[in-house]
Amino acid sequence: MNERLRALPSVDELLASLNSHARSFPRELLVAEVRRALASARAQMLQGGEMPPLQQEVLARLDHLRSPSLRQVINATGVILHTNLGRAPLPFFEPIEGYSNLEYDLTAGHRGKRDDHLDQLLHSLLGCGAIAVNNNAAAVYLTLHELAAGREVIVSRGELIEIGDGFRIPDIMARSGAILREVGTTNRTRIADYHNAITDRTALIMSVHPSNFHIEGFTGKPDLKELTALGKERGIPVYEDLGSGCLVDLKRHGITEPLVQDSLAAGVDVVSFSTDKLLGGPQAGIVAGREDLVTRIRRNPMFRAFRIDKLMFQVLELTLRHYVMNELDKIPVLRMIALEPEAVRTRALALASQIPGAVVREGESLVGGGSTPAQTLPTWLIAIDSKNVVDAERNLRAGLPAVVARIEDDQLIVDLRTVDPSQEPELLAGLQRALQ
Ligand SMILES: *Cc1c(COP(=O)(O)O)cnc(C)c1O
C-alpha cells in the first residue's frame with residue numbers, strides 16, 4: 001500500500017505540473033485545491049482505488065468555482081411557473097447598481113420607509129393597505145402570529161393543505177403560536193360548522209385556497225360572502241390565503257383562479273398571496289386588507305426578519321407598475337398564458353424545419369407552480385426523434401445557455417410557449433449541438 005501511495009506527487013510537484021490556465025487563479029485557492037485533491041486521492045487509494053487524474057480534478061473544481069452557479073436557463077418544458085426554474089420568469093429590468101433611496105425620502109432629505117416604494121401602486125391596484133414580505137409563507141406566518149397567537153383559528157378540514165417543501169398549514173399554524181380549530185370534513189364544510197366552532201377563544205376565520213390539488217364529486221364549502229357575513233356578525237376577522245396572487249381575469253385563456261380583488265370585494269379582512277406565481281413578479285408575499293390589521297402585522301417584531309431586499313423591491317415595483325399602467329404584455333407569465341396556440345405552431349414549424357427528425361404536433365402546456373391544477377393550455381410541440389434521446393436531453397442541459405426540455409415516449413419534446421422568441425436562435429443552436 002505504501003508503495004502505491006508513494007506514487008502520489010507532493011503538493012509542490014502537483015502545483016508545478018499545472019498549466020498556465022490553473023496559475024491564473026489566486027495562489028491560495030490553487031494550493032488549497034491541490035491539497036484537497038491529494039487528500040481525496042489518498043483516501044480513494046487507501047480504499048483500494050486507482051490514482052485519479054489529479055490535474056484534471058483540480059482544474060475542474062477551479063473552473064466550477066469561477067463560473068456562476070445560478071444562471072439563465074431556456075425553459076422548453078411548457079410549464080410556465082416551473083418551481084425548479086425559478087417559478088415566474090422575471091420581467092425585464094436593469095438592476096440599480098450601487099446606492100439607492102431604499103429608505104431615504106429624497107424630497108424631505110431624511111429617513112424614509114422602504115414600504116413607500118410600493119404603497120401607492122398597491123393601493124391603486126387593490127384599493128386598500130398592503131405590505132410586502134419575503135414570500136407568501138412568511139405572510140401566512142406573520143398574519144397568524146400577529147392576529148391569532150395563543151388563540152384559535154377556524155379552518156376547514158378540506159383546506160389543511162401542504163404546498164410542498166414541508167410547508168403545511170397545520171405546522172405553520174403551530175409555529176405561529178395560533179391554535180388550529182378544524183371544522184367540517186375533507187370534502188364538505190358548511191357555514192354552520194364555522195358558526196358552531198366560534199367561542200371567545202376564536203381570533204380568526206381562515207380560508208386557504210387549495211392551490212395545488214382539485215377534488216371532485218360530493219364536495220361543498222360556503223362561499224366567501226357567507227364567511228365574511230359570519231365574521232362581521234361575530235366580530236371575527238376573516239383571513240384568506242390565496243396562494244397565487246391573480247390580479248387579472250384569465251378566464252378567456254381558459255384559466256380560472258380567484259382574483260385578489262374579488263376576495264377583498266367579498267369583504268375578506270386580510271388576504272395574502274405570492275408575487276411569483278400568476279402575478280408574474282419576483283419572489284415576495286403580499287399581505288393586504290383592513291388598514292388596522294395590516295398596520296398591526298407591519299409592526300410585528302418578526303416583520304424585520306421577513307422584509308424584502310432592495311433588489312426585490314425594484315423588480316416588484318416594476319411588475320406592479322406594469323399592472324397599473326396596463327402593460328400586461330411586459331409581464332412574461334401573462335404573455336405566455338395569452339399566447340395563441342396558432343402563434344406557437346407557426347414558430348414551432350419554423351424551428352422544426354431546421355432540425356432533422358422533428359415534427360410538430362398538438363399538446364398541452366401547464367401553468368404549474370402549485371396553481372391551477374388540472375388546467376392546461378393547448379399548444380403545439382416540437383417532437384424530435386433521436387437515436388439516443390437521453391443523451392440529447394443531457395447535452396441540452398449541459399449547453400450554454402442550458403436548455404431544459406422534456407422526454408415523452410422516447411422523443412425529445414420542446415414547447416415554445418415558455419421560450420421567448422429572442423431565445424430561439426440559441427435554442428436552435430443548442431438543439432443542433434445536442435442532437436449530433
Ligand atoms: C404557494 C402557496 C403558499 C406559499 O407561498 P410562497 O410564496 O411559495 O411562500 C402558501 N399558501 C398557498 C395557498 C399557496 O398556494
Side-chain angles (χ1 to χ4, degrees), residues 70-95 121 125 132 135-136 211 243-255 257 259-260 273-286 308 311-348 351 364-372 375-382 401-406 414-427 430:
L70 181 67
R71 52 202 161 93
Q72 199 178 49
V73 161
I74 295 180
N75 173 11
T77 65
V79 181
I80 297 175
L81 300 171
H82 198 303
T83 309
N84 303 147
L85 304 182
R87 233 188 230 167
L90 287 175
F92 174 78
F93 76 106
E94 285 175 291
L121 290 168
L125 278 168
N135 50 25
N136 188 33
S211 320
S244 200
C246 193
L247 297 178
V248 289
D249 197 338
L250 298 172
K251 272 200 210 73
R252 69 196 158 94
H253 305 299
I255 305 291
E257 187 67 10
L259 289 184
V260 179
F273 52 91
S274 300
T275 62
D276 59 345
K277 291 184 179 172
L278 280 172
L279 193 144
Q283 179 195 299
I286 304 258
I308 58 177
L311 205 50
M312 294 308 130
F313 260 111
Q314 194 201 344
V315 192
L316 187 53
E317 180 190 341
L318 169 131
T319 311
L320 295 175
R321 182 163 296 109
H322 288 327
Y323 278 96
V324 170
M325 302 308 290
N326 199 23
E327 304 165 334
L328 300 185
D329 60 332
K330 292 196 175 159
I331 300 171
V333 166
L334 299 181
R335 209 163 56 219
M336 289 170 184
I337 288 175
L339 211 53
E340 293 296 338
E342 220 24 64
V344 183
R345 180 162 180 258
T346 308
R347 288 167 54 196
L351 202 79
E364 286 176 332
S365 315
L366 270 177
V367 177
S371 56
T372 68
Q375 297 186 37
T376 56
L377 298 161
T379 194
W380 290 83
L381 305 169
I382 304 175
V403 176
V404 180
R406 289 189 279 155
V414 167
D415 185 346
L416 291 182
R417 181 182 291 279
T418 47
V419 178
D420 192 83
S422 67
Q423 296 176 315
E424 274 176 26
E426 283 176 313
L427 172 62

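Position 1 is the first residue of the sequence, and the numbers go up from there. What's counted below: heavy atoms across the whole structure, side chains too, no hydrogens, waters or symmetry copies.
Contact annotation: the side chain of I337 approaches that of L278 to within less than 4.5 Å [non-hydrogen atoms, C-beta and beyond]. Proximity of P91 to I331: side-chain heavy atoms (C-beta onward) are nowhere separated by under 4.5 Å. Side-chain contact between L121 and Y323: absent, with no pair of heavy atoms (C-beta onward) separated by less than 4.5 Å.
Between the R417 side chain and the P378 main chain, a donor and an acceptor come within less than 3.5 Å of each other.
Residues meeting the side-chain contact (heavy atoms from CB on, under 4.5 Å) test with A348, sequence neighbours left out: V360, I382, L416. Taking D276 as the reference, R87 meet the salt bridge (charged side-chain N to carboxylate O under 4.0 Å, His left out) condition, with sequence neighbours excluded. Take E340 and apply the salt bridge (charged side-chain N to carboxylate O under 4.0 Å, His left out) test, not counting sequence neighbours, and it matches no residue. For E424, the side-chain hydrogen bond (donor to acceptor under 3.5 Å, both in side chains) criterion is met by R347, not counting sequence neighbours. Residues passing the side-chain hydrogen bond (donor to acceptor under 3.5 Å, both in side chains) test with N84: none are found, sequence neighbours excluded. Applying the side-chain contact (heavy atoms from CB on, under 4.5 Å) rule to R406 yields the partners T77, L381, E408, I413; only residues at least two apart in sequence or on another chain are considered. Applying the side-chain contact (heavy atoms from CB on, under 4.5 Å) test to A402 and every residue at least two apart in sequence or in another chain returns R71, V73. Checked against side-chain contact (heavy atoms from CB on, under 4.5 Å), R252 has no partners two or more places apart in sequence or in another chain.
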Could you check L250 against L334 for side-chain contact (heavy atoms from CB on, under 4.5 Å), going step by step and ending with a plain yes or no? CA-CA 9 Å; L250 298 172; L334 299 181; 4.0 Å; yes
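Minimum heavy-atom separation, N136 to S274: CB-OG, 3.2 Å.
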Please tabulate, one pair per line, all N/O donor-acceptor pairs under 3.5 Å involving side-chain atoms of residues 313-322, not counting sequence neighbours.
from : atom 1 : to   : atom 2 : distance (Å)
Q314 : OE1    : I96  : N      : 3.1
Q314 : NE2    : E94  : O      : 2.8
E317 : OE2    : R321 : NH1    : 3.2
E317 : OE2    : R321 : NH2    : 2.8
T319 : OG1    : V315 : O      : 2.7
H322 : ND1    : E327 : OE1    : 2.8

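Of the charged side-chain nitrogens involved, at least one lies within less than 4.0 Å of a carboxylate oxygen, so that K251 and D249 count as a salt-bridged pair.
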